[in-house]
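In what follows, every heavy atom counts, from backbone to side chain, and hydrogens, waters and symmetry copies are set aside.
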Amino acid sequence: MTSTAPETQRGQDAGDPLGEQPTSWQRRLRRFGHVPRPETSLRDRLDPPWTRPGRQVWSVLAIPPHVADRLVRWSGWGGPLLVTLVAGLLRFWRLDQPNAVIFDETYYAKDAWALVNQGYEGSWPKDVDKLILKDPSSVPIPTDPGYVVHPPVGKWIIGFGEQLFGFTPFGWRFMVAVLGTISVLLLCRIGRRLFRSTFLGCLAGLLLAVDGLHFVMSRTALLDLIVMFFVLAAFGCLVVDRDRSRRRLADALPVDEEGVLRPDARIAETLRLGWRPWRLGAGVMLGLAFATKWNGLYVLAAFGLMTVLWDVGARRTAGAVRPYMAVLRRDLIPAFFSTVPVAIVTYIVSWTGWIVTDKGYYRNWAATEGKGSFWSWLPDWLRSLWHYENQVYDFHVGLTSGHTYESNPWSWLVLGRPVSYFYEEQAGCKESSTGKCAAEVLAIGTPLLWWLACFALAYVVWRWLFRRDWRAGAIACGVAAGWVPWFFYQERTIFLFYAVVFVPFLCLAVTMLLGAIVGPAAGTGARADLGLTSKDPTGERRRTLGAIAAGVLVLLIIWNFIYFWPLYTGTSIPEDLWRDRMWLDTWV
């Protein structure tokens, strides 16, 4: 119901929402679920406190308070490391199986081997995969340059694993599995910082650990999981930078005679936030993502806008009357130079192997076909690289040849058309009514997790628009940056596994939804967000039921991952059981 109370002006403290009455647009939004911001101090809004488990948990477990405090301190790293250990054991178990060159490993494994041995990719002969699996030492590295359509960072990473463990399936999958495992740790820590809860952070990491698409991509020598790793690392750097800059603002604001932090327009608009190394780190990570596959460039643009808007929000909360102008004067130029130029330099440096050789594809173009052009004053290597990139761009946008497993991005969230990386049929299987067994590696997300993520994304968007929750906006930005750009190339041949770039953000969205289902603890300011108070006897009942519901959903997702385990690992199962797992006709 729309409020009929008269609209009022700001309270005594400029920029302090505690002194505001709801504006007309806020009253209109209440019909969609908008509620006034719960009453919290200015310091808590700039630097939110961390949640701690209630004493009831430790009482039930008969754990003394001093031991409980120590466990809480250790859990910040202990919990994420435990989840990461589980993820690592899953990803490295029989990593060399199937003992085959599966799907696009036929490109990246061989290109990586040539790259780390001679600095540029070679032109491999056809049908050489079987010889590599039989005796890789008998296969010479081709010296003729090969035409490749992706930047080199991902292949350098794959090649590092090959240098350690040889030109074998385990070797070319090793580093991808390492990054897949570390990404679970990153998400635990990022989720913990986002939600100010170790439990929710570990829950987000656990969901990533049991996502089928992330799992399969962690065990396959393709580039997309490497892009995901750098994107997630960049996001984590920006979240840390946000916390540090807001804390710096809070420390600079004045404190009144009662010890309460007060907003100050002059400080909020003029304070320089100083050296921001985490934002610089984000620029390097985004450059590495871009230097693995070009879709990282879209993430660079989205995250750059997101971090600038975070600065606007911080200065507004601190009391800035004109926060956009303050950010334009104080933050925009440093933000640009710590991300965009850094990412571009990182990208160019990644081509060092191609630059220092004279045998790479198109390496000598400037000295031959490009000789005498208007840009001849530029270094030959730079003009040759620019020409190479133009040719690659034309290839990517013109890639429209049909493929059995291509899919439209509209169908990705519902897992409309997964990609079969490997399939092998075996006769003489007595356990099957058809007499056949099937072994398959299917690049598909854990269905229940992804289908729940559809609802979670709707909740995240709603919470961002109507609750003004920056965490929801950040999650939505991560999903949009990895997903939306593909809608501009719907005529191009694209695949579901490209979605692995935004899978961590789907897990964060599901975590936020599950956290809302559980509800806030008694006595927290967030209870006002749900219309509950610590004296409301229905509050604890609602929280108990919410915890049960959320727990059941998590257990179902874990069960679903276990159920599809044979399809993720190439385990041979009777064909009847394989067909039982083909829930949709488009999965076959």
Testing the basics here: between [X] and [Y], what is the closest heavy-atom pair and its distance to 0.1 Å?
{"X": "G146", "Y": "Y388", "answer": "O-OH, 4.0 Å"}
{"X": "L206", "Y": "V83", "answer": "N-CG1, 3.7 Å"}
{"X": "R383", "Y": "A366", "answer": "NH2-O, 3.3 Å"}
{"X": "C507", "Y": "L187", "answer": "CB-CD2, 4.0 Å"}

Donor-acceptor under 3.5 Å ([X] side chain, [Y] main chain):
{"X": "W483", "Y": "P409", "result": "yes"}
{"X": "Y120", "Y": "T143", "result": "yes"}
{"X": "R581", "Y": "L577", "result": "yes"}
{"X": "Q97", "Y": "R94", "result": "no"}
{"X": "Q118", "Y": "P142", "result": "yes"}

Ring centroid separation for [X] and [Y], is it under 6.0 angstrom?
{"X": "Y107", "Y": "H150", "value": "no"}
{"X": "Y362", "Y": "W381", "value": "no"}
{"X": "F215", "Y": "F561", "value": "yes"}
{"X": "F497", "Y": "F103", "value": "yes"}

request  = Take the SG atom of C429, take the SG atom of C437, and say whether they are under 2.5 Å apart.
outcome  =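 Yes, the SG atoms sit under 2.5 Å apart.
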Side chains of [X] and [Y], heavy atoms from C-beta outward: is any pair under 4.5 Å?
{"X": "F235", "Y": "L194", "value": "yes"}
{"X": "V414", "Y": "W450", "value": "no"}
{"X": "L115", "Y": "D111", "value": "no"}
{"X": "S183", "Y": "M228", "value": "yes"}

Less than 4.0 angstrom from a charged side-chain N to a carboxylate O is my criterion; do [X] and [Y] meet it?
{"X": "E406", "Y": "R417", "result": "no"}
{"X": "R173", "Y": "D96", "result": "no"}
{"X": "K359", "Y": "D144", "result": "no"}

ask   = For F167, is the NZ or CZ atom of K110 found under 6.0 angstrom from the centre of its six-membered ring and inside 45 degrees of the ring axis?
value =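 No, K110 does not lie over the aromatic ring of F167.
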key: Partners meeting side chain to side chain contact (heavy atoms under 4.5 Å, CB included) with L305 (sequence neighbours left out)   =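 Partners of L305 under the side chain to side chain contact (heavy atoms under 4.5 Å, CB included) test: L309.
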Do any side-chain atoms of residues 562-571 form donor-acceptor pairs under 3.5 angstrom with protein atoms, and if so which ones, sequence neighbours left out?
residue, atom, partner, partner atom, Å
T569, OG1, W565, O, 3.0
T569, OG1, T571, OG1, 2.7

inquiry  = I'd like to check the salt bridge (charged side-chain N to carboxylate O under 4.0 Å, His left out) partners of R193; sequence neighbours left out, ordered by chain and number.
reply    =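 By the salt bridge (charged side-chain N to carboxylate O under 4.0 Å, His left out) rule, R193 matches D243.
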task = Check whether more than 12 heavy atoms from other residues, nucleotides or ligands sit under 6.0 Å from atom CH2 of W93, and answer yes or no.
result =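 More than 12 heavy atoms, drawn from other residues, nucleotides or ligands, come within 6.0 Å of this atom.
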ask   = Under the side-chain contact (heavy atoms from CB on, under 4.5 Å) criterion, do L413 and L457 qualify, and how do the steps go?
value = CA-CA 10 Å; L413 286 184; L457 283 179; 3.7 Å; yes
